[in-house]
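This report concerns only the one structure given below.
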Amino acid sequence: MRFSPILPVFFLAAQLIVPVSARAEELAVVRADLGYASQYVVRGVARTGAAAQSALELDWTGFRAGLWTNQPFKAGEEREVDFNTTFAWQAGAGLKMEVSARQYWFDRTTNGGTTRSFEAAIAATLAPVGGVLPRLEFAHDFRLRAETLQMAVGHSVALTGVGTYLDLGCFAGWATGDNWRPGFPGPGRHDSYSFWGLEATIPYNLGYVVPHSTVIAGLHYSDAIGRSAANGPFGLAKTRNFWVTLGVSLDF
């Protein structure tokens, strides 16, 4: 399937077809995030080294839309800008559903990578089981002709002594694609691989110093298994990726 610029418009419109009365009395929340990541990793594949990351998001009764950027510090590494929309709803007792769309733009692409792609996804989050929150997501990238299935679980531990909590998570997934390197001439490059990861983050509310602000620190580990260096998704050759993140989130 070839990518069409009309697809993001239709997908966004589909997410907006919800009863206006259900949202009429709700106020929109605008969130701005600024942060540092010692490495940028996507589904087990390192894209860049250390980078500044930022996001601006509108959240309105289950509907979210925003821009996200990754600006590497090292010259020659690839910048990325994403536009994303998500609509979430309670599908039943103990089941939350989400549909989302994300348009990616890249520059300085090398090794057959693409300057753009468009991905749509659907996700289901179940009610906590013994304090563990399970989540399942399926995504399709139209430009790369790629599918990703990812399973994740999360658990929060109260840190009452410091007035916050520790978020723990782990995930595993499988990805397959028929056009991972669209910049190369000839037939698409096919590859399938698996990935997994662990993460721990601590948010700390600074509202008593700066209103509506939260500092978030995190430790992350992720790896890809079986990815082809020539035919798989573009990224650095590095494996066993460990990185740290530190940022601030502001709500308005």
Side-chain angles (χ1 to χ4, degrees), residues 31 33 35 37-47 53 55 57 59 62-64 66 68 70 82 84-102 119-141 146-177 192-205 214-227 233 235 238-247 249:
R31 179 175 296 106
D33 298 326
S38 62
Q39 194 173 217
Y40 172 41
V41 181
V42 179
R43 294 166 180 161
V45 178
R47 291 274 181 85
Q53 298 179 339
E57 182 180 85
D59 191 335
F63 173 75
R64 303 192 306 273
W68 182 90
N70 184 76
D82 304 347
N84 58 85
T85 62
T86 300
F87 180 69
W89 72 98
Q90 199 69 35
L95 177 62
K96 181 180 180 181
M97 298 295 299
E98 293 181 4
V99 290
S100 62
R102 186 180 294 266
E119 182 179 86
I122 184 168
T125 303
L126 302 177
V129 179
V132 175
L133 192 68
R135 176 182 170 88
L136 180 66
E137 180 178 3
F138 173 79
H140 175 78
D141 191 298
E147 285 82 37
T148 302
L149 181 65
Q150 178 172 307
M151 296 148 285
V153 293
H155 179 64
S156 292
V157 179
L159 303 177
T160 54
V162 292
T164 186
Y165 52 90
L166 171 66
D167 279 333
L168 302 173
C170 65
F171 60 88
W174 178 76
T176 182
S192 298
Y193 74 99
S194 57
F195 59 91
W196 68 281
L198 304 167
E199 57 186 0
T201 59
I202 298 179
Y204 192 78
N205 193 311
T214 303
V215 170
I216 305 171
L219 297 176
H220 313 263
Y221 177 86
S222 185
D223 196 10
I225 304 167
R227 166 181 169 249
K238 183 179 179 183
T239 59
R240 299 179 181 177
N241 303 290
F242 174 79
W243 71 102
V244 299
T245 55
L246 181 63
S249 179

_Restricting to non-hydrogen atoms, name the atom on Leu198 and the atom on Cys170 that form the minimum distance, rounded to 0.1 Å._
CD2-CB, 3.4 Å

*Do you know the tightest heavy-atom contact between Ser222 and Gly44?*
OG-CA, 3.2 Å

*Distance-minimising heavy-atom pair for Tyr193 and Gly226*: CB-C, 3.8 Å

*Gly66 backbone acceptor or donor facing Asn84 side chain under 3.5 Å*: yes

*Starting from the C-alpha separation in whole Å, work towards a yes-or-no answer on side-chain contact (heavy atoms from CB on, under 4.5 Å) for Leu149 and Leu136.*
CA-CA 8 Å; Leu149 181 65; Leu136 180 66; 3.8 Å; yes

*Should the pair Trp89 and Phe87 be assigned to parallel (<30°), tilted (30 to 60°) or perpendicular (>60°) ring geometry?*
parallel

_For Glu119, is there an ion pair with Arg102 - N to carboxylate O distance below 4.0 angstrom?_
no

_Pro203 to Thr201 - nearest heavy-atom pair and separation_ = CD-O, 4.0 Å

*Given side-chain contact (heavy atoms from CB on, under 4.5 Å), test Leu168 with Val153 step by step and report yes or no.*
CA-CA 8 Å; Leu168 302 173; Val153 293; over 6 Å; no

_Straight-line distance of Thr125 OG1 to Arg135 CZ, nearest 0.5 Å_ = 4.5 Å

_Chi angles and distances behind the side-chain contact (heavy atoms from CB on, under 4.5 Å) call for Phe195, Thr148_ = CA-CA 10 Å; Phe195 59 91; Thr148 302; 3.9 Å; yes

*Looking only at atom types and distance, does a side-chain atom of Ser38 sit under 3.5 Å from a main-chain N or O of Val244, one as donor and one as acceptor?*
yes

*List for me each residue that meets side chain to side chain donor-acceptor pair (under 3.5 Å) alongside Gln150, sequence neighbours excluded, and say none if there are none.*
none

*Would you kindly say whether Ser100 and Thr86 are connected by a side-chain donor-acceptor distance under 3.5 Å?*
no

*Between Ala121 and Ala139, which heavy-atom pair has the shortest distance, and what is it?*
CB-CB, 3.8 Å

*When rounded to the nearest 0.5 angstrom, what is the spacing between NE2 in His220 and CD in Gln39?*
11.0 Å

*Could you give the distance from CG (Asp82) to CG (Asn70), rounded to the nearest 0.5 Å?*
9.0 Å

*Can Val45 and Arg227 be said to form a side-chain contact (heavy atoms from CB on, under 4.5 Å), step by step?*
CA-CA 9 Å; Val45 178; Arg227 166 181 169 249; 3.6 Å; yes

*To the nearest 0.5 Å, what is the distance between CD1 (Ile202) and OG1 (Thr214)?*
13.5 Å

*asked:* By the side-chain hydrogen bond (donor to acceptor under 3.5 Å, both in side chains) test, which pairs, at least two apart or in different chains, include something from residues 154-174?
replied: Ser156-Asp167

*asked:* Using every non-hydrogen atom in the two residues, find where Leu95 and Gln90 come nearest and quote the distance to one decimal.
replied: O-NE2, 3.2 Å

*Nearest-0.5 Å distance that lies between atom CZ in Arg43 and atom CZ in Phe171*: 10.0 Å

*Just jot down the ring-ring contact (aromatic ring centres under 6.0 Å, His included) partners of Tyr221, sequence neighbours excluded, or say none.*
Trp196

